[in-house]
Amino acid sequence: MFESGLRLRIPPSPTGSLHLGTARTALYNWLLAKRFKGTFVFRLEDTDRERSKSEFVTDIIEGFKWLGIDWNEGPLRQSEHKARHQMVVNQLLENNLAYECFCSSEELEQIRISQRALNKVEGYDNRHRNLTKQEKDNFRAEGRKPVIRFKLLNKAEITWTDLVRGKMSVNASDLGGDPVIAKDNGDVLYNFAVVVDDHDSAINCVIRGEDHLHNTAKQIPIYEAMQWEIPQFAHVPLILTANREKLSKRKHGDIASISNYLKAGYLPEAINNYLIAMSWQFPSDDHKEVFSKEEAVLHFDLKDLSKSAAIYDPLKLNWFCKEHFQRLSAEEVLTRAKTGGFLEALNNLKEYSPDEQLKIISLMKDGLIKLNDLSNPASAANLLVFCQAPNLQDLKEEAENCLREPEAKIVLSELNNLLETLADLNPEIVQKLLADLAAKTGLKKGKKLFWPIRVVISGNIHGADLVALLSILNKNRLQERVKEALKYLEM
RNA sequence: GCCCCCAUCGUCUAGUGGCCUAGGACACUUCCCUUUCACGGAGGCGACACGAGUUCGAAUCUCGUUGGGGGUACCA
């Protein structure tokens with residue numbers, strides 16, 4: 001199908017930070033480019049001068065890098081192709097395939113209102129298609145500046161075979177009139193610029209969101225007018241929120257922006273996995289769910305994409321996160337946490353040797369969702385227990401109650417006594433320590449025996465394996481916290 | 001309003017006319033493991049939107065209805 005070589009592109013607009021949906025479209029492009037050894041072009045769609053910002057350019061590039069989505073050409077900037085765009089506009093004008101339209105926005109609005117009243121397609125009624133020179137001069141004399149409109153041939157059936165959806169067809173008369181391709185200030189518009197740029201980059205396969213379906217219908221006639229080869233099109237399904245609306249940067253910025261995931265310490269491999277799996281399934285017999293984008297490359301094909309929109313499910317994302325954390329070595333997690341700055345709030349972690357730090361990470365990483373959780377008190381995977389004594393004045397009710405049990409005091413003072421006889425702790429010693437403690441207190445095991453210890457070290461009745469916890473914490477910290485608690489209970 | 005797209009458990013999906021009393025995953029839930037939580041293991045709950053066709057036979061094909069989404073800019 002692509003004898004000359006597959007050429008794909010991703011054209012984000014730097015009017016906002018990298019969007020989850022853009023990342024997913026980029027991923028599908030990337031997957032296909034890798035699979036069929038194509039060329040992937042990265043272009044910044046920055047023709048909207050007011051809304052485009054350089055900080056967003058940085059954000060988008062950083063986002064792609066973080067996800068591991070690389071490209072072969074670019075970043076190209078649409079704004080740098082102005083002269084070329086102007087040239088094509090003129091060519092269209094000369095060939096009578098485009099024309100000047102002097103309608104004011106008020107007139108346009110009037111046209112829409114009357115069309116709507118008649119249950120017709122809203123849009124422009126092409127009234128300035130055949131203006132005489134005299135009429136144009138009159139408008140100019142009024143001080144009106146024209147926009148340039150492209151002549152859509154009415155009634156023409158615009159068809160293409162979509163690589164995801166199959167045969168598609170839109171009637172040109174349903175497109176809302178001749179589209180504006182250049183504003184009255186000369187700036188060209190998206191639907192035009194994208195055609196010129198894609199053609200100039202020899203793009204032969206356009207993968208984009210389903211929200212572009214009508215744009216494709218508007219763009220194909222431009223290719224035809226210029227006698228340019230029309231690329232293949234593939235419209236991928238959208239990502240919807242839980243209440244079934246298109247995921248938008250404005251309304252759902254927190255979950256829509258890739259940079260938020262980066263900052264929170266999500267694993268890019270988990271994001272990629274989730275994004276790909278949203279509309280695509282690993283084809284092998286086991287239909288495995290957890291995979292890398294590199295594994296997906298081996299099997300990915302547009303025809304296997306789902307046609308229906310997918311609803312963003314944070315719980316499922318979390319699951320992918322856990323799965324990918326479990327697959328990472330403790331060394332890797334520690335490195336990423338350090339380089340990402342996620343350990344900075346955990347000052348005292350430096351007191352532990354590198355080897356101890358690894359033990360800490362491997363003890364905690366299985367329930368990890370994002371690196372942020374390492375220092376988040378609300379997370380079960382936080383490392384706070386290793387870094388600071390709990391604030392006993394401010395315990396949760398269940399923890400406070402546990403400490404107020406009469407047995408708690410006995411357990412703690414016996415523990416304190418036993419600790420006096422010990423030097424450094426290790427798992428074997430802790431094992432024995434707890435057994436001795438059980439014997440001394442007469443409490444076999446269970447809540448009465450272990451929960452007070454947990455509360456004293458972490459402020460929580462739940463947590464990671466106690467033996468591992470205590471042996472890493474070691475004698476001094478443990479004893480300190482036990483004494484502190486005994487003091488607190490005396491008050 | 002008009003145009004287009006989509007339609008299997010709450011969610012993501014497998015399923016391309018008989019292997020389907022519809023399979024998997026997330027979530028939820030029961031039990032087991034465990035000194036707690038988590039992990040892990042074994043179960044459970046739970047769907048072919050509806051109505052007509054076509055066919056010996058339909059989740060799968062056709063039409064209609066309904067529902068959902070997107071689009072409808074001198075934004076991208």
Side-chain angles (χ1 to χ4, degrees), chain A residues 11-16 22 45-48 50-52 78 101 103-105 108 112 115-124 145-149 162 164-165 168-171 173-177 179-191 193-194 208-218 235 237-238 240 242 244-246 274 277-281 283 286-290 306-320 322-323 326 364 366-368 380-381 402 434 438 443-451 453-454 460-467:
Chain A
S13 159
T15 52
T22 309
E45 213 96 319
D46 57 351
T47 47
D48 186 333
E50 261 123 65
R51 296 199 298 142
S52 296
Q78 193 156 57
C101 165
C103 286
S104 65
S105 47
L108 259 15
R112 289 210 179 85
Q115 282 164 334
R116 189 169 186 135
L118 295 167
N119 284 354
K120 287 194 167 171
V121 184
E122 277 181 49
Y124 175 60
K145 288 173 72 184
V147 300
I148 310 299
R149 287 186 185 270
D162 198 284
V164 172
R165 279 149 212 282
M168 299 289 305
S169 143
V170 181
N171 200 306
S173 60
D174 288 327
L175 256 20
V180 176
I181 57 174
K183 302 201 223 182
D184 61 5
N185 68 4
D187 284 356
V188 292
L189 257 23
Y190 167 76
N191 268 320
V194 73
R208 56 174 39 151
E210 177 184 10
D211 48 343
H212 282 280
L213 240 19
H214 277 70
N215 286 334
T216 296
K218 286 179 187 173
H235 292 90
L238 259 23
L240 266 32
R244 299 189 169 276
E245 44 187 6
K246 186 166 89 157
Y274 178 53
M278 251 177 150
S279 304
W280 185 81
Q281 190 168 195
D286 60 341
H287 290 305
K288 71 172 161 187
E289 310 248 353
V290 182
S306 161
K307 290 190 188 68
S308 44
I311 293 173
Y312 176 86
D313 181 358
L315 260 18
K316 185 95 181 204
L317 207 212
N318 287 353
W319 178 76
F320 278 110
K322 282 190 202 167
E323 291 293 322
Q326 285 182 17
M364 307 301 278
D366 277 6
L368 209 52
C402 165
L434 293 178
L443 299 162
K444 287 272 174 275
K445 53 180 182 178
K447 297 177 185 178
K448 300 266 189 207
L449 180 60
F450 298 107
W451 283 11
I453 304 176
R454 287 191 175 282
N460 248 305
I461 56 176
H462 305 304
D465 179 64
L466 194 59
V467 172

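Every chain is numbered from 1, with letters handed out A, B, ... down the list of sequences.
- Counting non-hydrogen atoms under 4.0 angstrom, C103(A) reaches a base of the nucleic acid.
- At C75(B), one or more side-chain N or O atoms of K183(A) fall inside 4.0 Å of OP1 or OP2 (strictly under the cut-off).
- Counting non-hydrogen atoms under 4.0 angstrom, D465(A) reaches a base of the nucleic acid.
- Remark: the separation of the P atoms in C26(B) and C39(B) is 11 Å, to the nearest Å.
- Residue R165(A) has its side chain nearest to C5(B) when only C5(B), G1(B), C2(B) are considered.
- Within the shown strands, nothing qualifies as a pairing partner of C48(B) under the Watson-Crick or G-U definition with both distances less than 3.5 Å.
- Distance noted for atom P between G43(B) and C37(B): 23 Å (whole Å).
- Heavy atoms only, all atoms of each residue included: K145(A) and D184(A) are closest at CE-O, 3.3 Å.
- V194(A) comes within 4.0 angstrom of nothing in the nucleic acid, heavy atoms only.
- Annotation: side-chain hydrogen bond (donor to acceptor under 3.5 Å, both in side chains) contacts of N191(A) (sequence neighbours excluded): N215(A), Q219(A).
- In this structure, the ring pair (Phe, Tyr, Trp, His ring centres under 6.0 Å) partners of H212(A), at least two apart in sequence or on a different chain, are Y190(A).
- When the C1' atom of U13(B) is taken as reference, atom OH of Y274(A) falls 12 Å away, rounded to whole Å.
- Using bins of under 30°, 30° to 60° and over 60° for the plane-to-plane angle, the ring pair Y274(A)/Y312(A) lands in the perpendicular bin.
- If you take CG of N185(A) and C1' of C74(B), they are 8 Å apart, rounded to a whole angstrom.
- Take the nearest nucleotide of RNA chain B for A310(A) and for D366(A): the residue whose nucleotide is more 5' is A310(A).
- Looking at D48(A) and E50(A), their side chains come closer than 4.5 Å, going by heavy atoms from C-beta outward.
- Nucleic acid contact for S308(A): sugar-phosphate only, since backbone atoms but no base atoms lie under 4.0 Å from a heavy atom of the residue.
- Among the atoms of the strands shown, base atoms are found under 4.0 Å from some heavy atom of N215(A).
- Considering only heavy atoms from C-beta on, I181(A) stays 4.5 Å or farther from L189(A) through its side chain.
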task: Going 5' to 3' through nucleotides 22-30 of chain B, assign each nucleotide B (protein heavy atom under 4.0 Å from a base atom), S (under 4.0 Å only from sugar-phosphate atoms) or - (no protein heavy atom that close).
output: --BBSS---
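- Heavy atoms of A277(A) sit under 4.0 angstrom from primed sugar atoms or phosphate atoms, though from no base atom.
- With sequence neighbours excluded, no residue satisfies ring pair (Phe, Tyr, Trp, His ring centres under 6.0 Å) with Y124(A).
- Using Watson-Crick or G-U wobble geometry with both donor-acceptor distances under 3.5 Å, C56(B) finds its partner in G18(B).
- Taking atom P on both U60(B) and A52(B), the two are 14 Å apart, rounded to the nearest angstrom.
- In this structure, U34(B) makes no Watson-Crick or G-U wobble pair, since no nucleotide meets both defining distances under 3.5 angstrom.
- Here the straight-line distance linking atom CD1 of I311(A) with atom CZ of R244(A) works out to 3.5 Å at 0.5 Å rounding.
- Using a 4.0 Å heavy-atom distance criterion, D48(A) is classed as a sugar-phosphate-only contact.
- Applying the salt bridge (charged side-chain N to carboxylate O under 4.0 Å, His left out) test to R165(A) and every residue at least two apart in sequence or in another chain returns E210(A).
- On the C1' atoms, A59(B) is 12 Å away from A49(B), given to the nearest whole Å.
- Under the Watson-Crick or G-U wobble criterion, with both distances below 3.5 Å, U29(B) is paired with G43(B).
- In terms of polar N and O atoms assigned as donor or acceptor, the side chain of R51(A) comes within less than 3.5 Å of the base of C75(B) in a complementary pairing.
- Going from atom CD of E122(A) over to atom C1' of C4(B) covers 16 Å, rounded to whole Å.
- Distances shown here put a side-chain N or O of S306(A) below 4.0 Å from the OP1 or OP2 atom of U13(B).
- A 4.5 Å side-chain heavy-atom check between S52(A) and P14(A) finds at least one atom pair inside the cut-off.
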Short N/O separations, protein against nucleotides 64-70 of chain B, under 3.5 angstrom:
residue : atom : partner : partner atom : Å
G69(B)  : OP1  : R244(A) : O            : 3.3
G70(B)  : OP1  : K246(A) : N            : 2.8

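- Straight-line distance between the P atoms of G68(B) and U8(B): roughly 14 Å, to the nearest whole Å.
- Summary of the strand contacts: R112(A) and L466(A) both lie near RNA chain B, and taking for each the nucleotide with the nearest heavy atom, the more 5' one is attributed to L466(A).
- Residue contacts for G463(A): at a heavy-atom cut-off of 4.0 Å it reaches a base atom on one of the strands shown.
- Residue contacts for S105(A): at a heavy-atom cut-off of 4.0 Å it reaches no nucleic acid atom on any strand shown.
- Residue Q326(A) contributes atom CD, which lies 7 Å from atom C1' of C39(B) at whole-angstrom precision.
- Taking atom CH2 on W451(A) and atom P on U34(B), their separation rounds to 17 Å, with Å as the unit.
- G64(B) and U54(B) have their C1' atoms separated by 15 Å, given to the nearest Å.
- Applying the Watson-Crick and G-U wobble criteria (two distances, each under 3.5 Å), C2(B) pairs with G71(B).
- For the C1' atom pair drawn from U72(B) and A14(B), the interatomic distance equals 36 Å after rounding to whole Å.
- Residue contacts shown for V180(A) are limited to sugar-phosphate atoms, with no base heavy atom under 4.0 Å away.
- With contacts defined as side-chain heavy-atom distances shorter than 4.5 Å, the pair L434(A)/I453(A) qualifies.
- Counting any heavy atom pair closer than 4.0 Å across all strands shown, E45(A) reaches sugar-phosphate atoms only and no base atom.
- Comparing G51(B) with C9(B), their C1' atoms are spaced 23 Å from each other, to the whole Å.
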- prompt: Could you walk me through whether R51(A) and S13(A) pass the side chain to side chain donor-acceptor pair (under 3.5 Å) check?
  reply: CA-CA 9 Å; R51(A) 296 199 298 142; S13(A) 159; 5.8 Å; no
